[in-house]
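Please read all numbers here as calculations on a predicted model, not as lab measurements. Just so we're on the same page: letters track the sequence lines, and every chain starts at 1.
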Protein chains: 2
Amino acid sequence: MPPPNPTFSPLYQQIKGLLIQSLQDGEWKPGELIPSETELAVRYGVSQGTVRKAIDELAAENLVVRKQGRGTFVATHNEAKAEYRFLRLAADDVNTGKPKSSYLAVDRVRANSHVAKLLDIKPSDSVFVVKRVLRFDGVPQILDEIWLPASQYKGLTLERLQSWNSTLYGFLESAFGVRMLRAIETIKAVSAEPEQAEVLQVPVGAPLLLVERQSMTYADQPVELRRGWYLTDRFSYKNELY
Amino acid sequence: MPPPNPTFSPLYQQIKGLLIQSLQDGEWKPGELIPSETELAVRYGVSQGTVRKAIDELAAENLVVRKQGRGTFVATHNEAKAEYRFLRLAADDVNTGKPKSSYLAVDRVRANSHVAKLLDIKPSDSVFVVKRVLRFDGVPQILDEIWLPASQYKGLTLERLQSWNSTLYGFLESAFGVRMLRAIETIKAVSAEPEQAEVLQVPVGAPLLLVERQSMTYADQPVELRRGWYLTDRFSYKNELY
DNA sequence: GAGTGGTCTAGACCACCCG
DNA sequence: GGGTGGTCTAGACCACTCG
């Protein structure tokens, strides 16, 4: 009787790893069609069902999008359905229009220890700090302060952001090839400081949600850190629990 | 050539429906072992793979828990791993002990229109209102106000809650057979009113998270509505985005 | 019609758990 | 050793999309 293998790893997991590697290497770019399941099965020398199970998991993690009758596509932030995929703020009553960003400033500074730790860089490394406002139907609802490691976003300027007319993540994906796959948010209630109060047009001291988001790309590498102050008088942060 | 069927529903979805019905009917109770995949395959006259796919989805929705080598169990709120399954508040730094509930009051009142709407009952129907405090390491962090439709929780009293030494959902499951499967939370930032300020030991006006939760059982029937005021000085509401 | 993902089956073998 | 879920395969057929 053979001893059980202590480092057992299912075939489909190994295939999944290979697929992720190809995605990360840019063999298939965001929005593109990847090879069919049967094609990949031949390529890796496994059955089609095994490839299917690997792709199933990638689809569950939103790295890839299946479309019956058409094929499997690399997920992208540049399409209607994925716009504001990570935005959890929604109006309480009727539907609103899509939010619109106004970029206020882009600065280049040195990371403080908190930012450096969460971006997994050295405290002396330089980062871009982006400030922007998100408006729904013209009403400012979110003030964002976004830290981006300068090394991965060479050439970022306020002008380029302002001339882009879609989402930030779509821009970062198109301009720098950085794909946001996953994020962790930690939420607190705070009182508005003068800076936030002015932008969001509320009294100093008004209660705001403070949402800190750490975004990751492949291999869970952090590539963005942001702090958002959310006005929640007529909007709410929505979350589903299972 | 046969025309495509417009009301096509995969076999495994139909099996899934039958399994949910059996769960809802109490054929298998929380914590119990359900029949093996092969057994169910015989019972429903389908292949084992089809049953597997149905159970896979139930497991993904946390209605059921798979344990390799042992079998598949009906999910329950009365086990260590599922305790505080829906609680998203966690300490910022080091680990804390498990939270402890103190029940302050149970009242029987008529639902107002807001509560009635979210519980899908008539405004004149009576509901229990439970007030409690959640403490981490003895420090009060959450004040909860919980509405429960009286018709489904006959005989609920403050004494019974106080003598129960596990989670509320575990109690409601054991005492009334009501299983919380899914919930939707909407989160706002508010200023502490005197009542909350006193319990949470903060100044009036201090910023708090206001978390409103609507919990559902089978068939998405709402069976609980709660409002929690969360103190977020050393704790945060955590959320993952994909 | 040709190609893709989606379903369903049947059978083999593996890893895990328990008595 | 016997039972359970977990993996892997091969093949058939279906639903959907597009040219």
Subject >> Side chain of B:V46 (C-beta onward), nearest among C:dT9, C:dT7, C:dG5 >> reply: C:dT9
Subject >> First of A:Q13 and B:I55 reached from the 5' end of DNA chain D, by closest nucleotide >> reply: B:I55
Original post:
Between D:dT9, D:dA15, C:dT9, which nucleotide gets closest to the side-chain atoms of B:S47?
Top reply: C:dT9
**OP:** Would you mind checking if A:R226 and A:E212 are paired as a salt bridge, meaning a charged N to carboxylate O distance below 4.0 Å?
**Re:** no
Original post:
Would A:D93 and A:R234 pass as an ion pair if we require N to O under 4.0 Å?
Top reply: no
Original post:
With respect to the side chain of B:Y12, which nucleotide from D:dT9, C:dC8, D:dT4 is positioned closest?
Top reply: C:dC8
Original post:
Okay, side chain of B:S163, backbone of B:E159: is any donor-acceptor separation there less than 3.5 Å?
Top reply: yes
Subject >> Atom-to-atom span, NZ of A:K16 to C1' of D:dC8 - whole angstrom >> reply: 18 Å
Subject >> Length of the line joining B:L11:CG and C:dG6:P, which is rounded to integer Å >> reply: 17 Å
Subject >> Residue A:T38, side-chain heavy atoms: nucleotide from D:dC8, C:dT4, C:dG6 that is nearest >> reply: C:dT4
Original post:
Between B:F235 and B:Y230, is the gap from one ring center to the other below 6.0 Å?
Top reply: no
Subject >> Salt-bridge criterion met for A:E57 and A:K16 (N-O under 4.0 Å) >> reply: yes
Original post:
Looking at D:dT7, D:dG5, C:dG6, which one has an atom nearest to any side-chain atom of B:E37?
Top reply: D:dG5
**OP:** Figure out the CD/C1' separation between A:Q48 and C:dC8, and round it to whole Å.
**Re:** 13 Å
Original post:
Honestly, is B:K67 close enough over B:F73, meaning NZ or CZ under 6.0 Å from the six-membered ring centre and within 45° of the axis?
Top reply: yes
**OP:** Return no unless some side-chain N or O of A:T72 is found under 4.0 Å from OP1 or OP2 of C:dG5.
**Re:** yes
Subject >> Residue-phosphate contact under 4.0 Å: A:K53 side-chain N/O, D:dT7 OP1/OP2 >> reply: yes
**OP:** Check the distance between D:dT17's P and A:F73's CZ and give it to me in whole angstrom.
**Re:** 12 Å
Original post:
So does A:D56 pair up with A:R66, basic N to acidic O under 4.0 Å?
Top reply: yes
**OP:** Would you tell me if any nitrogen or oxygen in the side chain of A:S36 comes within less than 4.0 Å of OP1 or OP2 on C:dG3?
**Re:** no
Subject >> Under 4.0 angstrom between B:R52 side-chain N/O and D:dG6 OP1 or OP2 >> reply: yes
Subject >> Centroid separation A:F128 to A:Y153 less than 6.0 Å >> reply: no
**OP:** May I have the distance from B:D56 (atom CG) to C:dG6 (atom C1'), rounded to whole angstrom?
**Re:** 15 Å
**OP:** Give, for atom CD of B:E224 and atom CD of B:Q152, the distance between the pair rounded to the nearest 0.5 Å.
**Re:** 11.5 Å
For nucleotides 17-19 of chain C, list the nitrogen or oxygen atoms of the protein found under 3.5 Å from its nitrogen or oxygen atoms, one pair per line.
none

**OP:** Calculate the interatomic distance between A:I15 atom CD1 and D:dC8 atom C1'; express it in whole Å.
**Re:** 11 Å
Subject >> Helix axis bend for the helix from C:dG1-D:dC18 to C:dC18-D:dG1 - C1'-based end axes, five pairs, 10° rounding >> reply: 10°
Subject >> OP1 or OP2 of C:dG6 under 4.0 Å from side-chain N/O of A:R66 >> reply: yes
Original post:
Rounded to the nearest Å, what distance is computed from the CG atom of residue B:L58 to the C1' atom of nucleotide D:dG5?
Top reply: 15 Å
**OP:** Work out which heavy atom in B:K238 is nearest to a heavy atom in B:D92; give both atom names and the distance.
**Re:** NZ-OD1, 4.1 Å
Subject >> For atom CD of A:E57 and atom C1' of D:dC8, their distance in whole Å >> reply: 15 Å
